[in-house]
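The next block holds one structure in the form of structure tokens; read it before the comments.
Values below: all heavy atoms of this structure, side chains included; hydrogens, waters and symmetry mates excluded.
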Amino acid sequence: MQAFHSLDDLDVTGKTVLVRADLNVPMNGPDVTDSARIDRFAPTAVRLAEAGARVVILSHFGRPKGTVVPSMSLAPLQYPLAKAIGRNVGFAAGCVGNVAETAVAALAPGEVVLLENLRFHKGEEANDPVFARDLAALGDLYVNDAFSCAHRAHASTEGVARLLPTAAGLLMAEELEALSTALDQPERPVAALVGGAKVSTKLDVLRHLPVRMDHLIVGGGMANTFLFAMGYDMGRSLCERDMAGAAQLVLRAAESQDCEIILPVDLVVAGKFSAGAAHEIVDVDAVPSDMMVLDVGPETVVMLEDRLRRCQTMVWNGPLGVFELTPFDAATTALARRAAALTKDGNLRTVAGGGDTVAALANAGVLDEFSYVSTAGGAFLEWLEGKDLPGVAALSPAP
């Protein structure tokens, strides 16, 4: 893991600190329906404010594509933020220009202001140097606490970091430490579970992980593609038949790296993609031509639980089946609970990330029982791919 400055390395007293957060939270009209990202960011804002900093929060929301979209304003987040950090939060209806400058200039030490949606300006996603300079001119120091945006080289994640003294926020530092421990220096044996619908969306992950992992568990629709590549008929299942060659390359690469790829040995099939649909359990070589695979079977779950008992570290991204529909959440839920139990007993370090993964762990009731759960989606995937993340690279001190 690259070296980076933390909040302990900055003297923030009396300074104006620009803090990049990810407040792109689910909303129903003006109401926040899931405050997890706000709650996990709050300790950084509290730490800075209590140290006497003037705290200026930067974030994006949605995809307004460089235009002002009133429904994507950050104004509704003013109260949820204030509640989370336990102090008043001002709001400026702009992130650069006179409105932002006036709001920032009015701050006293320990006060907090939230600026308007960064993506109302085209310069944000374009990493425009002029827009980055305008943002940087508002503050003395820069703190990035948005790991979930770190895979994007945007003005507020990469550009500003090159212009001001920089550090990682508490959440960013926590993410980097947890992910580095699981991938770069794990206690072995180490396993990765990669699930989801399509091999094509996670091919780089599947290519990279065999070098790092002792076991690679493939689940979800991706497992269907691998099984098809091995000669099995997948019936009407989601299956990227044109990716069979890529799957075979991953299998060969894993073998050359002495990484065991673990695929289902039995499957749950149904004739309809719907909750409660009539279903049956079949071996992988017996998928009916008129049915589709919606989950892995109980024998597979037992096999996977056995592998986890032998491991010290596990990285999880993606479900084993269609966890959104009962009873096709059974395998994901069972394995998540087993992993959580092993974690609680101190026998397994578990690190998970990605939107579907977080939802699946919440569905299983174990979201708070893994060693670490990342709120990041794209950044978590690119980390699994072994890529350098621009927002993290920009935090590294100059040589």
Side-chain angles (χ1 to χ4, degrees), residues 177-196 202 205-206 208-220 222-223 226-227 230 250-251 254-255 257-268 281-284 293 295-323 327-354 356-374 380 384:
E177 181 179 356
L179 302 185
S180 178
T181 299
L183 190 67
D184 299 332
Q185 47 193 16
E187 292 187 41
R188 293 186 177 273
V190 56
L193 190 162
V194 181
K202 296 185 179 180
V205 174
L206 295 168
H208 178 72
L209 285 179
V211 179
R212 304 288 188 94
M213 297 291 124
D214 299 305
H215 309 284
L216 176 55
I217 301 163
V218 181
M222 292 195 300
F226 273 80
L227 292 171
M230 296 168 64
V250 172
L251 289 168
E255 184 177 4
Q257 296 292 335
D258 199 25
C259 171
E260 178 193 25
I261 287 195
I262 305 172
L263 293 164
V265 294
D266 63 338
L267 303 162
V268 180
I281 299 166
V282 300
D283 291 337
V284 292
V293 176
D295 199 5
V296 303
E299 286 187 36
T300 299
V301 172
V302 170
M303 176 181 68
L304 297 180
E305 289 177 340
D306 177 66
R307 289 300 193 283
L308 291 192
R309 278 194 294 271
R310 300 189 223 162
C311 289
Q312 296 294 313
T313 307
M314 179 193 191
V315 179
W316 188 324
N317 177 254
L320 291 170
V322 186
F323 76 95
F328 309 111
D329 60 340
T332 301
T333 295
L335 194 64
R337 289 175 177 170
R338 173 54 60 190
L342 290 168
T343 303
K344 182 178 180 180
D345 292 341
N347 296 319
L348 183 67
R349 178 173 180 80
T350 44
V351 175
D356 283 347
T357 309
V358 172
L361 297 183
N363 183 63
V366 297
L367 191 56
D368 298 325
E369 298 177 28
F370 271 45
S371 304
Y372 192 78
V373 178
S374 172
F380 188 86
L384 285 180

Residues in salt bridge (charged side-chain N to carboxylate O under 4.0 Å, His left out) contact with R307, at least two apart in sequence or another chain: E260
side-chain hydrogen bond (donor to acceptor under 3.5 Å, both in side chains) against D214, all qualifying residues, sequence neighbours excluded: R188
Qualifying salt bridge (Lys or Arg N to Asp or Glu O under 4.0 Å) pairs, either residue in residues 336-347, two or more places apart: none
Closest approach of P298 to I281 (non-hydrogen atoms, all atoms of both residues): CD-CD1, 3.6 Å
Euclidean distance, L335 CG relative to M314 CE, rounded to 0.5 Å: 5.0 Å
Working for side-chain contact (heavy atoms from CB on, under 4.5 Å), residues N347 and L308: CA-CA 9 Å; N347 296 319; L308 291 192; over 6 Å; no
Residues V351, S374; criterion side-chain contact (heavy atoms from CB on, under 4.5 Å); working and verdict: CA-CA 8 Å; V351 175; S374 172; 6.0 Å; no
Short side-chain to backbone donor-acceptor contact, T343 and R349, under 3.5 Å: no
Rounded distance (nearest 0.5 Å) linking atom CG of N317 with atom CZ of F380: 5.5 Å
side-chain hydrogen bond (donor to acceptor under 3.5 Å, both in side chains) involving T181 - partner list, sequence neighbours excluded: none
4.5 Å side-chain heavy-atom contact, L267 and V284: yes
Listed partners of D306 passing salt bridge (charged side-chain N to carboxylate O under 4.0 Å, His left out), at least two apart: R309, R310
Single hit among N363, T333, T332 for side-chain contact (heavy atoms from CB on, under 4.5 Å) with P319: T332
Which atom of A334 lies closest to which atom of V301, heavy atoms considered: CB-CG1, 4.0 Å
Approximate separation, where rounding is to 0.5 Å, of L216 CG and L206 CG: 6.0 Å
Pairwise side-chain contact, W316 with I217, heavy-atom cut-off 4.5 Å (strictly under): no
Closest contact, heavy atoms only, P210 versus C259: O-CB, 3.6 Å
Nearest heavy atoms of A182 and V190, plus distance in Å: O-CG2, 4.1 Å
Check: P189 and Q312 side chains under 4.5 Å, non-hydrogen atoms: yes
Residue pair L348 / C311: nearest heavy atoms and the distance that separates them: CD1-O, 3.6 Å
Shortest non-hydrogen separation from T313 to E187 and the atoms involved: OG1-O, 2.7 Å
T300 and L320: CA distance, side-chain angles, deciding distance, side-chain contact (heavy atoms from CB on, under 4.5 Å) verdict: CA-CA 10 Å; T300 299; L320 291 170; over 6 Å; no
Atom pair CD1 (I262) and CE (M213), whose distance is rounded to the nearest 0.5 Å: 12.0 Å
Approximate separation, where rounding is to 0.5 Å, of I261 CD1 and L251 CG: 4.5 Å
Test ring pair (Phe, Tyr, Trp, His ring centres under 6.0 Å) applied to F226 - qualifying residues, sequence neighbours left out: none
Check: A331 main-chain N/O paired with D295 side-chain donor or acceptor under 3.5 Å: yes
